[in-house]
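Everything below concerns the one structure shown next.
Below, chain A is the first sequence line, B the second, and so on; all start at residue 1. As the structure is a computational prediction, the values presented were derived from the model and not from experiment.
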Amino acid sequence: MHWSFVPPSLCANGACEMTDMTTLYAAYAGTIQTALQALVADGTLPEGTSFANVTLEPPRDPSHGDLATNAAMVLAKPAKTNPRALAEAIATKLKSDPTIVSAEIAGPGFLNLRLDPSAWLGELETITKLGDEYGRSSMGAGTTVNVEYVSANPTGPMHMGHCRGAVVGDALASLLELAGHEVTREYYINDAGGQVDTLARSAHLRYREALGENIGEIPEGYYPGAYLIPIGEYLAQEVGEKYRDAPEEEWLPYFRAEAVEKMMDLIKSDLALLGIHHDVFASEAALHAAGKPDEAEKWLREHDLVYDGVLEAPKGKAPPEDWEPVELPLFRSTKFGDDQDRPIKKSDGKWTYFGADLAYHMQKAADADELIDIWGADHAGTVKRIKAAVAALSEGKGKPTPFDVKLVQMVQLMRGGEPVKMSKRSGNFITIADMVEEVGKDVVRFTMLTRKPEAQMEFDFAKVVEASKDNPVWYVQYAHARIQSTIRKAADEEGVTPSTDALNQLGSDEIALIRRAAQFPREVESAAKAREPHRIAFYLYDLATDLNSFYSLGNTEPEKRFILKHDKGLTAARLFLASAIGQVLRNGLRVLGVEAVDRM
RNA sequence: GUCCCCGUAGCUCAGGUGGAUAGAGCGUUGGAUUCCUAAUCCAAAGGCCACAGGUUCGAAUCCUGUCGGGGACACCA
């Protein structure tokens with residue numbers, strides 16, 4: 001795990017400066033950096049040595065100490081010495097810090113540090129003082145990130161297929177915010193293609209139905225879902241019989257605009273059920289109206305990145321029967337690693353989806369420093385071309401715009417071990433509203449975040465509501481509720497509240513728990529760097545495990561309970577510990593968008 | 001045929017930007033309850049990290065290939 005050598009003075013956001021508090025890992029990272037700089041000053045390390053690969057982490061085996069650094073192994077080469085000799089030099093410098101009680105060299109050159117217990121106890125005060133801000137990093141300060149997620153076609157309510165990407169995107173956005181980035185949560189509305197025309201026609205059908213016509217079975221090529229019935233009724237109310245028998249070109253634009261708007265209302269309310277709210281809803285139609293694709297094409301042609309050419313027939317499988325060579329404006333995506341150049345316009349002269357998407361990303365890249373798209377795995381085939389597009393567009397800017405596409409794999413819905421059958425044809429699919437109603441928002445969100453997004457997962461309705469250790473969301477919430485309950489009970493029955501007065505009475509069991517809590521800021525930074533919010537979910541599970549283990553010590557050793565009737569000082573100190581752990585659980589759950597409950 | 005993702009305990013999965021003895025839950029076996037929330041805890045057993053090469057002080061992690069699972073492959077979005 002890496003950590004960034006960001007000195008506290010670089011802490012750009014107000015919270016850091018106001019409180020003037022540094023978390024434990026950041027502080028000792030600074031200590032080590034100072035020691036390394038001293039070695040540069042006295043010539044042990046060459047001028048300009050990069051410390052980028054130096055890590056500070058908990059040793060795998062706690063008996064090795066409190067902290068471990070690989071500095072000597074990483075820097076032995078530039079120092080032209082062997083790791084153990086360099087470690088010796090680093091250790092000498094570090095020992096001038098009174099809170100470092102020992103610095104031992106181990107294995108191939110690890111430097112294991114032992115801290116005075118007061119260092120760990122101090123972290124409890126840091127957690128408490130920083131409160132909701134504990135874990136906030138300045139790592140991303142000054143970098144704006146645009147996260148585009150969901151972007152479901154506005155042709156119906158949200159169903160299961162959208163759920164995972166929605167949750168992952170939202171948690172990622174929150175994570176990046178906590179890591180200090182300024183984040184825009186964006187939704188791209190595909191309101192310009194053939195699908196929304198189909199939507200408009202389907203709405204027209206329902207409109208005629210609302211006017212009393214018997215429309216019978218919904219024909220092939222129309223959306224059959226019952227959710228369009230209220231749209232038809234609404235339209236009938238708005239325009240009466242005006243468009244009942246009118247030719248399509250008269251009503252299509254109006255029906256399309258109305259239907260899309262209603263569908264977006266539906267989608268927004270579905271997203272709200274999951275606690276998801278976007279900052280920007282970007283319309284593809286508006287993009288066209290503003291002439292953005294033309295601008296993009298012009299720019300690309302000037303840079304010889306778009307040319308008129310003929311695509312080859314698809315290889316490997318039999319080409320479609322109606323395949324014929326056509327000259328189209330093609331984007332040179334092969335120049336950036338794609339297998340084939342991609343058309344930006346269709347043979348009828350209209351823009352392809354890609355042509356518009358290219359212009360859309362051009363616009364996003366102009367507004368943000370970094371871009372992230374969350375897509376379903378079924379769009380994997382288009383990753384290369386859009387990455388190529390962003391690479392091409394940012395060539396002109398002098399420096400490339402970092403751009404990540406996160407692919408989210410399918411979720412297999414199960415019920416008691418059996419796959420849930422869904423029929424798309426009848427429009428009978430499991431919606432997000434169904435899911436949230438059945439198992440709750442917190443369960444849906446947490447479960448979606450307990451697997452890395454690029455791996456396929458199962459979601460079993462039966463398992464996911466089980467109240468057991470096998471169900472992480474319950475387990476983590478239980479730990480938090482347990483803490484809150486203990487604090488309540490101590491106040492009500494013993495009149496004791498958390499206090500630092502007797503903090504130095506806390507022993508090694510408590511410090512083991514603090515050690516885990518102190519990881520949180522590191523987890524935030526590494527998860528943000530990797531763009532992997534699921535790491536926070538796993539961390540919270542580990543922290544909950546440690547809390548529950550500690551709590552259970554009191555079952556066999558009553559003197560290890562939080563609440564001790566005979567020792568109010570120690571009770572208050574343990575409550576202070578409990579309260580700090582609760583704070584970290586809350587801060588982590590907030591990233592995931594899961595509620596930290598006080599009672600269960 | 002090409003491209004993308006995945007392959008870790010019996011099962012479901014972490015760990016993967018190279019570091020010390022590969023982790024957790026479920027399941028199995030054996031324990032803990034005059035209990036601050038047992039929706040919990042402790043312990044045992046269980047592994048050629050798919051396979052084969054390569055890179056280096058060091059590989060589950062990086063590279064190449066093979067096998068297996070999933071997905072995508074004209075002007076659909």
Side-chain angles (χ1 to χ4, degrees), chain A residues 1-2 53 55 59-61 64 68 70 73-74 76 82-83 106-110 112 153 155 190 192-196 284 311-317 319-320 322-324 326 328-330 338-340 342-357 376-384 407 409-410 450-452 454-458 460 463 466-472 474-475 477-479 481-482 484-487 489-490 493-494 526 529-530 534-535 537-538 541-542 545 548-556 558 560-565 571 574 578 599-600:
Chain A
M1 295 301 125
H2 288 67
N53 292 326
T55 64
R60 179 163 299 179
D61 183 343
H64 289 155
N70 67 351
M73 290 187 288
V74 174
N82 68 71
F110 284 101
N112 293 326
N153 286 329
T155 56
N190 301 134
Q195 295 194 25
V196 285
E284 185 186 356
L311 283 178
E312 287 176 34
K315 285 175 184 140
K317 63 175 192 181
D322 56 347
W323 192 89
E324 51 186 44
V326 185
L328 295 168
L330 300 176
D338 201 359
D339 323 316
Q340 199 176 28
R342 305 291 174 175
I344 60 170
K345 278 182 182 171
K346 300 185 265 191
S347 47
D348 64 4
K350 289 184 182 163
W351 295 98
T352 60
Y353 177 82
F354 173 64
D357 207 20
D378 52 336
H379 288 62
T382 62
V383 171
K384 278 190 178 178
L407 290 179
Q409 286 287 340
M410 296 291 142
T450 47
R451 266 178 207 25
K452 52 182 176 186
E454 65 270 26
Q456 290 137 243
M457 75 176 289
E458 289 180 4
D460 194 314
K463 238 182 178 168
E466 256 172 38
S468 77
K469 190 164 186 179
D470 193 27
N471 185 358
W474 287 97
Y475 187 72
Q477 287 182 320
Y478 177 68
R482 215 174 200 188
Q484 298 304 94
S485 151
T486 304
I487 292 173
K489 192 179 172 86
E493 295 179 10
E494 308 296 328
S526 68
K529 211 172 282 181
H534 73 272
R535 294 193 190 189
F538 283 96
Y541 184 82
D542 289 342
T545 300
N548 282 326
S549 291
F550 178 78
Y551 189 97
S552 293
L553 290 176
N555 284 341
T556 46
K560 289 194 172 165
R561 292 182 190 163
F562 281 96
I563 299 174
L564 301 167
K565 291 188 191 299
T571 299
R574 288 211 175 126
R599 292 167 208 277
M600 289 176 77

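- At whole-Å resolution of the value, CE in A:M73 and P in B:U56 are 19 Å apart.
- A:S347 comes within 4.0 angstrom of a base, heavy atoms only.
- Nucleotide B:A43 has B:U29 as its partner under the Watson-Crick or G-U criteria, with both atom distances under 3.5 Å.
- Across A:V326 and A:S347, no two heavy atoms sit closer than the pair CG1-CB, 3.9 Å.
- Distance NZ/A:K384 to CG/A:D339: 5.0 Å, rounded to 0.5 Å.
- Rounded to whole angstrom, the span from the NZ atom of A:K350 across to the C1' atom of B:C76 amounts to 14 Å.
- Here the separation of B:C42 from B:C4, taken at their P atoms, is 44 Å to the nearest Å.
- Contacts of A:N112 with the nucleic acid, taken as non-hydrogen atoms under 4.0 Å apart, include base atoms.
- Heavy atoms of A:E324 sit under 4.0 angstrom from at least one base atom.
- An aromatic stack links A:F110 and the base of B:A20, using centre distance under 5.5 Å and interplanar angle under 30°.
- Expressed to the nearest 0.5 Å, how far OG1 of A:T382 lies from CG of A:D338 amounts to 9.5 Å.
- The base of B:A72 has none of its N or O atoms less than 3.5 Å from a complementary donor or acceptor on the side chain of A:D339.
- With P as the reference atom, B:U61 and B:U17 are 10 Å apart, rounded to whole Å.
- A:A490 comes within 4.0 angstrom of no nucleic acid atom, judged by non-hydrogen atoms across all strands.
- In this entry the distance linking CD of A:Q409 with C1' of B:C6 reads 7 Å, nearest Å.
- Using atom C1' as the reference point in both B:G15 and B:A20, the two lie 15 Å apart (nearest Å).
- B:G7 and B:A77 have their P atoms separated by 34 Å, with the value rounded to a whole Å.
- Atom NZ of A:K384 is separated from atom P of B:C3 by 7 Å (rounded to the nearest Å).
- In this structure, the separation between CG on A:L330 and CZ on A:F354 is 10.0 Å, given to the nearest 0.5 Å.
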Contacts under 3.5 Å, N or O only, protein and nucleotides 10-13 of chain B:
| residue | atom | partner | partner atom | Å |
| --- | --- | --- | --- | --- |
| B:U12 | O2' | A:R451 | NH2 | 2.6 |
| B:C13 | OP1 | A:R451 | NE | 3.3 |

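- Residues A:R561 and A:T486 form no side-chain contact, since every pair of their non-hydrogen atoms from C-beta on lies 4.5 Å or further apart.
- In this structure, A:H64 does not reach the B:G19 phosphate: none of its side-chain N or O atoms is under 4.0 Å from OP1 or OP2.
- Comparing B:G10 with B:A74, their C1' atoms are spaced 46 Å from each other, to the whole Å.
- Contacts of A:A106 with the nucleic acid, taken as non-hydrogen atoms under 4.0 Å apart, include base atoms.
- Taking a pair to require two hydrogen-bonding distances under 3.5 Å in either a Watson-Crick or a G-U wobble arrangement, B:C3 pairs with B:G71.
- Going from atom CH2 of A:W351 over to atom P of B:A77 covers 14 Å, rounded to whole Å.
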Would you tabulate the nitrogen or oxygen pairs shorter than 3.5 Å linking the protein to nucleotides 28-30 of chain B?
none

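- Across all strands shown, A:D338 has no heavy atoms under 4.0 Å from either base or sugar-phosphate atoms.
- Judged by Watson-Crick or G-U wobble contacts below 3.5 Å, the nucleotide B:C76 has no partner.
- Taking both residues in full, the closest heavy atoms of A:T450 and A:A537 are given as CG2-CB, 4.3 Å, listed atom of the first, atom of the second, then distance.
- Place A:R342 and A:N153 on RNA chain B by their nearest nucleotides, and A:R342 ends up nearer the 5' end.
- To the nearest 0.5 angstrom, A:Q484 atom CD is 12.5 Å from A:Q477 atom CD.
- Base pairing annotation: B:A60 forms no Watson-Crick or G-U wobble pair, as no partner gives both donor-acceptor distances under 3.5 Å.
- Put simply, OH on A:Y541 is 17 Å from P on B:G23, counting in whole angstrom units.
- Going from the C1' atom of B:G27 to that of B:A44 covers 14 Å, rounded to whole Å.
- In this structure, the side chains of A:N190 and A:E284 come closer than 4.5 Å at one or more pairs of heavy atoms.
- Pairing each heavy atom of A:L328 with each of A:K345, the nearest pair is CD2-O, 3.5 Å.
- Look at CG on A:N70: it is 16 Å from P on B:C57, rounded to the nearest Å.
- Atom pair A:E454:CD and B:U17:C1' shows a separation of 14 Å (rounding to whole Å applied).
- Closest to the side chain of A:E284, out of B:C4, B:A77, B:A14, is B:A77.
- The line from OH of A:Y541 to OG1 of A:T545 is 5.0 Å long, rounded to the nearest 0.5 Å.
- Side-chain contact between A:I563 and A:K489 is present, with at least one heavy-atom pair separated by less than 4.5 Å.
- Contact of the A:D378 side chain with the A:M410 side chain is registered, since non-hydrogen atoms from C-beta on lie closer than 4.5 Å.
- Once rounded to the nearest 0.5 Å, the distance linking OH of A:Y475 with CG of A:N548 reads 4.0 Å.
- Nucleotides B:G25 and B:C5 place their P atoms 31 Å apart, quoted to the nearest Å.
- Across all strands shown, nothing is found opposite B:A9 as a Watson-Crick or G-U wobble partner with both distances under 3.5 Å.
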B/S/- contact track for nucleotides 36-43 of chain B, protein heavy atom under 4.0 Å: BBSBSSS-
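- For B:A60 and B:A52, the C1' atoms lie 16 Å apart once the distance is rounded to whole Å.
- Within the 4.5 Å cutoff, no side-chain heavy atoms of A:H534 are placed close to those of A:R451.
- Ring geometry for A:F550 versus A:F562: interplanar angle over 60°, hence perpendicular rather than tilted (30 to 60°).
- With a 3.5 Å ceiling on both atom-pair distances, the Watson-Crick or G-U wobble partner of B:C51 is B:G65.
- Nucleic acid contact class of A:G381 (heavy atoms, under 4.0 Å, all strands): sugar-phosphate only.
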